[in-house]
Amino acid sequence: MFKKFLRKLFIFLIYGFIWLFVFSIPVANGKSLYQLGYYYIVDTKPVHWLLNKAYYGAKTTENTAKDTAHEVIDKVSSEVKK
């Protein structure tokens with residue numbers, strides 16, 4: 001069991017080093033493949049749009065949860081006072 005885990009860990013580390021070297025390949029103007037990939041894939045308008053939607057959705061959910069918690073606390077405290 002432990003041997004299997006070590007083998008999988010070793011394979012994982014090998015793949016990690018391979019990706020590390022692939023992404024560190026210099027491409028142009030002193031930039032690496034990672035920097036160009038980030039600029040053209042991650043730092044785009046659709047990704048920013050998705051992140052903003054996720055942020056506003058999380059904020060709305062947080063505010064709804066806070067309002068619900070305050071309502072429950074108010075009801076409990078009014079029942080306790082009776």
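Small disclaimer: the values here were computed from a predicted structure and weren't measured.
No more than 12 heavy atoms of other residues, nucleotides or ligands sit less than 6.0 Å from atom CG of N29.
Rounding to the nearest 0.5 Å gives a distance of 10.0 Å between OG1 of T60 and OH of Y55. Within the model, atoms OG1 of T64 and NZ of K66 stand 11.0 Å from one another, a figure rounded to the nearest 0.5 Å. Between the CD1 atom in I11 and the CD1 atom in I14 there is a gap of 8.5 Å [rounded to 0.5 Å]. Here OH of Y38 is found 5.0 Å from CG of D43. Values are rounded to the nearest 0.5 Å. The distance from the CG atom of D67 to the CD atom of E62 is 10.5 Å, given to the nearest 0.5 Å. Atom CD1 of I25 sits about 10.5 Å away from atom CG of L20, to the nearest 0.5 Å.
Ionic pairing of E71 and K75 is not present here: no N-O contact between side-chain nitrogen and carboxylate oxygen is shorter than 4.0 angstrom.
Under a hydrophobic-cluster definition in which Ile, Leu, Val, Met, Phe, Trp and Tyr are linked whenever side-chain heavy atoms come within less than 4.5 Å, directly or via other members, F17 and Y34 are assigned to different clusters. Hydrophobic cluster membership differs between L51 and I41, with clusters built from Ile, Leu, Val, Met, Phe, Trp and Tyr side chains linked at under 4.5 angstrom. Put simply, I18 and F10 are part of the same group of oily side chains (I, L, V, M, F, W, Y) that touch within less than 4.5 Å, one to the next.
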For W19 and Y15, what are the C-alpha separation, side-chain angles and deciding distance, and is it a ring-ring contact (aromatic ring centres under 6.0 Å, His included)? CA-CA 6 Å; W19 278 111; Y15 279 118; 8.7 Å; no

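The closest side-chain heavy-atom distance from I73 to V76 is not below 4.5 Å. Between Y40 and T44, the closest side-chain pair of non-hydrogen atoms is not below 4.5 Å. The closest side-chain heavy-atom distance from V27 to Q35 is not below 4.5 Å.
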